[in-house]
Structures are given as C-alpha cells and as structure tokens.
Asks: 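I'd like to ask some things about the structure below.
Computed over heavy atoms, backbone and side chain alike; hydrogens, waters and symmetry mates excluded. Atoms within a ligand are numbered from 1 in the order they appear, just like the ligands themselves.
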Amino acid sequence: MRALLLGTGSPPPNPRRRGPATLVSLGEERFLVDAGSGVGGQLVQAGVRPYDWPRVLITHHHSDHTIDLGHLLITRWIVGQNAPFEVWGPAGTRRQMEKLLDYLAWDIEVRRAHMHDRRPPEVRVTEIEEGRILEVGGVAVSAFLVEHGPVKPAFGFRFEGGGRSVVISGDTRPSENLIRWSQEVDCLVHECCEMAKTAWYPGCGWPTLEEKIRDLASYHTQPADIGRVAAAARAGKLVVTHMMPGSVPAELREAAARHYAGPVVVGEDLDEV
Ligand SMILES: [Zn+2]
Ligand SMILES: [Zn+2]
C-alpha cells in the first residue's frame with residue numbers, strides 16, 4: 001500500500017505546498033483523502049489522469065479540505081468519465097455536493113449542448129460514521145472521530161491492506177481516540193498546523209494576534225505535541241503534514257524527535273511515504 005502526499009499545506013496559499021490531499025493506493029485501487037487546492041494538477045503529476053480520478057474521502061468540511069471537489073467532479077466528467085463520482089464524508093456531505101452540482105449546473109448544460117449525447121455527471125454520496133466504512137480491492141477503510149471542535153464531526157481514516165497500515169489524521173488537536181485507532185500503525189500521517197506562524201490583519205475576527213493563535217491552536221496539533229501523539233500510537237513512522245507557510249521542516253523534525261524515537265518525515269508535496 002502506498003500513500004502519496006499530494007498537498008501538505010493548509011489554508012494560506014503557499015506556492016511550495018498545495019492544499020490538504022493524500023492519495024492512498026494498493027494496486028489499481030485508489031482512495032483520495034481530501035480535495036485541497038491544486039489537487040487535480042497534483043494527481044496528474046502523480047500519473048493519475050482525470051478519467052481515472054478516484055473516489056474521495058472527506059475528513060471534514062473546512063474549505064481547505066474540500067475546495068477543489070468541484071474541479072474533480074467537473075473535469076473527470078468533461079473528459080468522458082460517466083461513472084458516478086463517489087464521495088464519502090461526514091454528515092452534511094450530501095447537501096454540500098448538491099450545492100456544488102447546483103453551482104456547476106450552468107456550465108454542465110452549456111457543455112452538454114455542445115456534446116452529441118451526454119447525460120449530466122452523477123455523484124454518489126455516502127455519509128459516514130465511526131467504524132469500518134469500506135472494503136474494496138483488498139483494502140479496508142475505517143473512519144474514526146477526531147477532535148477539531150467546533151467542527152463536528154471531523155474524521156481521520158485508517159487504511160489496512162497488503163500487509164500495511166496507514167492513518168491519515170485529518171485536522172485534530174492531540175486526540176485520544178486517534179491514538180486508539182492508530183495503535184501500531186505502520187505510517188501515521190498527522191497534521192501539524194503551527195499557529196505561531198499565522199498572520200493577523202485587523203478585521204480577521206480576533207482583536208490580537210495572541211488571541212488568534214490561542215484559539216486556533218486549540219483545535220490543531222502544535223509542534224510540541226506531535227511526537228507525543230506518534231509515541232502514544234506506537235507508530236512505525238510519523239509523517240508531518242498540513243503545514244503553515246512559515247513552518248521550518250528542520251524545527252518540526254526536532255520538535256517531533258523530542259518525544260518520538262521512530263523515523264520522522266516532514267512531508268513535501270508528491271513524497272511517497
Ligand atoms: Zn480543519
Ligand atoms: Zn485544514
């Protein structure tokens with residue numbers, strides 16, 4: 001089983017890191033976790049042409065994880081893929097996809113008017129709960145709740161297949177439930193959204209930079225905690241992702257190594273982990 005980091009960034013645009021997205025695959029079976037900004041181009045870079053763009057598993061509905069769902073949906077349809085676009089995600093996913101189809105309706109009709117015989121794109125949504133959600137092509141996928149309140153529910157995913165296991169954390173503060181579901185995982189892909197690197201502008205919704213950092217740090221995992229999570233999960237390897245533009249990989253590696261003795265990879269886009 002392979003995990004390919006398509007996007008290791010976070011909400012702020014970063015020319016070096018696309019938005020959150022990870023491709024997990026075993027043989028021909030593929031699972032895309034999240035659809036952050038730029039995911040379509042990254043899939044092509046990884047050798048997956050739009051006709052073959054896979055099912056998508058959404059961890060939560062923050063826009064940095066879903067912003068390019070529309071691009072995936074419409075592009076695979078434009079090139080000729082008529083199989084339904086499968087989307088798995090938390091409660092609310094069906095409504096979001098209906099709104100997305102509504103947003104794209106004009107474009108779809110204009111394009112269909114040019115085509116000789118084409119039905120509109122279809123979307124197949126499965127709203128998930130904690131537990132085993134999917135077993136296909138030798139891969140078992142489980143969803144588990146993480147702590148990203150006020151975003152509820154928010155999930156992480158565990159993949160098992162080909163004698164290997166991978167966990168994708170989604171966005172979460174250090175979570176006991178994630179640690180339970182990640183026990184002895186071969187590869188733990190975990191967020192580290194370093195809020196000390198955030199920017200502040202008047203009008204952003206917080207009166208001071210310090211308050212913004214404190215509020216946002218309370219629902220993400222900070223560098224000081226990331227190694228503790230990996231050690232408690234007894235993970236075979238820690239892969240750090242969801243980074244801020246100002247984060248320094250060497251500093252994150254050092255912070256993680258303070259509590260975790262295993263190998264630490266600070267992810268870069270298109271790294272295979
Ligand atoms: Zn989030
Ligand atoms: Zn995020």
Asks: H60 vs H62 aromatic rings, parallel, tilted or perpendicular, using cut-offs 30° and 60°?
Replies: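 Perpendicular: the ring planes of H60 and H62 meet at over 60°.
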
Asks: Extract all donor-acceptor atom pairs below 3.5 Å that involve side chains of residues 235-246 and protein atoms in other chains or at least two apart in sequence.
Replies:
from: K237; atom 1: NZ; to: V273; atom 2: O; distance (Å): 3.1
from: H242; atom 1: NE2; to: D64; atom 2: OD2; distance (Å): 3.2
from: H242; atom 1: NE2; to: H65; atom 2: NE2; distance (Å): 3.4
from: H242; atom 1: NE2; to: D171; atom 2: OD1; distance (Å): 3.2
from: H242; atom 1: NE2; to: D171; atom 2: OD2; distance (Å): 3.2

Asks: For a quick check under 3.5 Å, do Q45 and D269 share a side-chain donor-acceptor pair by atom type?
Replies: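 Result is no, nothing qualifies.
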
Asks: Considering all heavy atoms of both residues, which atom of I179 and which atom of A233 are nearest to each other, and what is their separation?
Replies: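 Result for this residue pair: CG2-N, 4.0 Å.
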
Asks: Kindly give the atom name of the N, O or S atom of H242 closest to the Zn ion (ligand 2).
Replies: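 Minimum-distance N/O/S atom of H242 relative to the Zn ion (ligand 2) is NE2.
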
Asks: Strictly by modelled atom types, are S142 and R158 linked by a side-chain donor-acceptor pair under 3.5 Å?
Replies: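 No pair is found: no donor N or O on one side chain lies under 3.5 Å from an acceptor on the other.
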
Asks: Report yes or no: is the cationic atom of R112 (NZ for Lys, CZ for Arg) under 6.0 Å from the centre of the six-membered ring of W77, at an angle within 45° of the ring normal?
Replies: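 Here R112 fails the 6.0 Å and 45° test against W77.
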
Asks: Listing residue and atom name, which protein N/O/S atoms are closer to the Zn ion (ligand 1) than 2.8 Å?
Replies: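 As for protein N, O or S atoms lying under 2.8 Å from the Zn ion (ligand 1), they are H60 NE2, H62 ND1, H148 NE2, D171 OD2.
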
